[in-house]
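In what follows, a single structure is set out as structure tokens and then discussed.
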Number of protein chains: 2
Amino acid sequence: MDAGVEARLRAGDVTFGVDDAALLRAIAESGSVSAAASELGRSRSRALTRLETLESAFGSLVERRRGGSDGGGSRLTDTAHDLLARFDRLCAAVSGTAQASETVVEGTVTERTGELALVETAAGTVRALVDENAAVDSAVQVSIRADAVTLHAPDDAPAGGATSARNRFRGTVTGLDVGTAVASVTLDVGTASPLVALVTVESVERLALAVGDEVVASFKATATRATTV
Amino acid sequence: MDAGVEARLRAGDVTFGVDDAALLRAIAESGSVSAAASELGRSRSRALTRLETLESAFGSLVERRRGGSDGGGSRLTDTAHDLLARFDRLCAAVSGTAQASETVVEGTVTERTGELALVETAAGTVRALVDENAAVDSAVQVSIRADAVTLHAPDDAPAGGATSARNRFRGTVTGLDVGTAVASVTLDVGTASPLVALVTVESVERLALAVGDEVVASFKATATRATTV
DNA sequence: GTTCGTTGTTCCGACATAGATACAACGACT
DNA sequence: AGTCGTTGTATCTATGTCGGAACAACGAAC
């Protein structure tokens with residue numbers, strides 16, 4: 001999980017976070033609540049109380065048994081495994097959200113149809129999903145995830161315009177950060193902040209991208225979010 | 001913010017969450033820490049202590065003044081406004097993450113290049129971003145956001161294959177949930193869980209989608225995440 | 001029967017969080 | 001000078017969180 005962001009699953013007043021996940025994982029690994037607590041440098045007392053709280057909200061998580069060849073023990077339920085998988089996916093998503101450069105563009109809502117709105121920005125008109133607060137003339141911030149942006153050569157760009165399901169900005173490559181398999185491309189599209197696209201190295205090579213080139217960036221309306229400021 | 005998910009910004013040991021955002025907003029609106037605390041049904045004492053903690057981690061957030069025509073008052077700094085905007089965007093992203101149906105497909109890593117890997121799934125081979133834990137033969141869960149999926153008529157589908165920057169699954173429409181401007185399309189692509197795509201109503205109409213139709217779903221490699229299980 | 005190592009349960013103390021209270025200080029206004 | 005309504009500061013109490021300690025209970029192994 002990214003150091004600057006923290007996510008938790010919530011059920012009623014109870015939340016499930018990193019420490020809880022660590023506890024469940026330590027139990028799965030050691031087969032004992034006592035050993036898990038000890039490994040995590042926490043009290044068994046607290047671990048038991050915490051499990052009680054979590055189980056009241058999320059269902060049975062740990063099956064505990066006393067006596068037997070190993071003195072007793074504990075193991076995770078399927079519910080616990082599901083919960084951990086859910087938490088992992090949330091973390092990956094939030095981590096992706098935090099890490100994926102996100103371009104924020106100021107704009108004004110000019111039209112609204114259900115959950116979609118047209119937003120006028122310095123780079124042109126954008127279609128985006130909006131929350132219930134956004135009405136015509138609302139000032140909004142449009143967030144465009146770098147991993148949602150597809151790059152095209154100007155000649156190959158998909159048809160655009162206000163009626164298209166796909167937004168498109170024409171821009172100039174101002175930066176290229178090429179890694180092993182993934183590259184970050186920075187574009188000047190006329191907005192205060194540059195638009196960043198996270199694409200594969202193959203896309204960069206296929207398009208023969210270099211600083212100074214003209215490209216068209218496209219991104220889905222339903223992957224574009226506008227929040228009121 | 002979605003009821004099942006909670007997100008916070010973190011700096012060191014200090015986190016900034018919903019309650020903190022509410023406090024800053026109430027201060028901005030009333031122009032006073034006392035009034036804000038009162039409105040939120042909290043103690044002024046606590047509000048002040050909390051502000052102190054937040055400011056130690058995030059920088060100066062509130063400018064306070066005593067005396068004057070209104071007896072004194074407080075206003076937010078630019079830093080506070082930036083922090084709130086950042087928090088709002090995180091919430092919108094997390095909310096989008098939680099709300100956007102996300103299809104999870106089991107798979108096995110067959111090849112890895114830097115941050116990208118090939119994953120064999122029941123629907124075919126997928127390219128996805130992976131975390132550092134994922135090695136060849138690792139079992140992974142591939143998450144595909146509904147808002148990252150583009151639908152195409154079979155004839156118009158982009159070129160596919162293991163070398164393409166774009167993943168593609170061929171499937172059959174099994175469900176259509178059409179709203180005012182946004183639609184959710186469910187596809188049987190051969191995996192245990194159906195693939196869900198969040199698209200505009202216009203896309204549905206342009207493709208003349210109906211249950212039983214064959215379509216091709218495509219989604220970017222860099223927008224596809226695989227987490228180890 | 002005894003030992004072992006876990007769980008089940010209860011109780012206690014330390015520290016953190018949160019609210020309540022009170023007085024001093026400030027600057028505009030009367 | 002007095003009033004107003006905020007802030008600055010300090011102190012106190014109640015509740016929640018967390019860790020620690022202790023004993024009983026369990027079932028396999030010896």
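Letters A, B, ... are given to chains in the order of the sequence lines, protein chains preceding strands, and every chain is numbered from 1.
- Proximity note for Arg64(B) (side chain, C-beta onward) versus dT9(D), dT7(D), dT6(C): the nearest is dT7(D).
- Among the atoms of the strands shown, only primed sugar atoms or phosphate atoms (P, OP1, OP2) are found under 4.0 Å from some heavy atom of Gly73(B).
- Counting only N and O atoms by type, the side chains of Thr150(B) and Arg166(B) include a donor and acceptor under 3.5 Å apart.
- For Ser43(A) and Arg66(A), each mapped to the nucleotide of DNA chain D holding its nearest heavy atom, the one lying further toward the 5' end belongs to Ser43(A).
- Residue Glu55(B) contributes atom CD, which lies 13 Å from atom P of dT7(D) at whole-angstrom precision.
- Only one option out of Thr49(B), Val62(B), Val14(B) pairs with Leu54(B) in a side-chain contact (heavy atoms from CB on, under 4.5 Å); it is Val14(B).
- Thr49(A) comes within contact range of no nucleotide atom at all, as no heavy-atom separation falls under 4.0 Å.
- The distance between atom CG of Leu40(B) and atom P of dG19(C), rounded to the nearest whole Å, is 10 Å.
- We find that CG of Asp19(A) is positioned 10 Å from P of dG19(D), with the value rounded to whole Å.
- Using a 4.0 Å heavy-atom distance criterion, Arg50(A) is classed as making no nucleic acid contact.
- The nearest whole Å value for the distance from the CZ atom in Arg65(A) to the C1' atom in dC4(C) is 14 Å.
- In summary, the side chains of Ser56(A) and Thr53(A) do not present any donor paired with an acceptor at a separation below 3.5 Å, with no hydrogens or angles considered.
- Between Ser34(B) and the phosphate of dT7(D), there is a side-chain N or O to OP1/OP2 separation shorter than 4.0 Å.
- Atom CD in Glu52(A) sits roughly 14 Å away from atom P in dT7(C) (whole-Å rounding).
- If you check dG19(D), dT9(D), dA22(D) against the side chain of Arg44(A), the one that comes closest is dA22(D).
- Contact annotation: Ser74(B) reaches the phosphate of dT7(D) (side-chain N/O to OP1 or OP2, under 4.0 Å).
- Mapping Ala47(A) and Asp70(B) onto DNA chain D by nearest heavy atom places Asp70(B) closer to the 5' end of the strand.
- A close approach under 4.0 Å does not occur between any side-chain nitrogen or oxygen of Ser32(A) and OP1 or OP2 of dG5(C).
- The environment of CG in Asp78(B) is sparse: at most 12 heavy-atom neighbours from other residues, nucleotides or ligands sit within 6.0 Å.
- Of the candidates dG8(D), dG19(C), dG19(D), the closest approach to any side-chain atom of Ser45(A) belongs to dG19(D).
- What separates CG of Leu48(A) from C1' of dA22(D) is a distance of 14 Å, to the nearest Å.
- Side chains of Thr125(A) and Glu120(A): a donor on one and an acceptor on the other come within 3.5 Å.
- Contact check, Ser69(A) against dA28(D): no side-chain N or O comes under 4.0 Å of OP1 or OP2.
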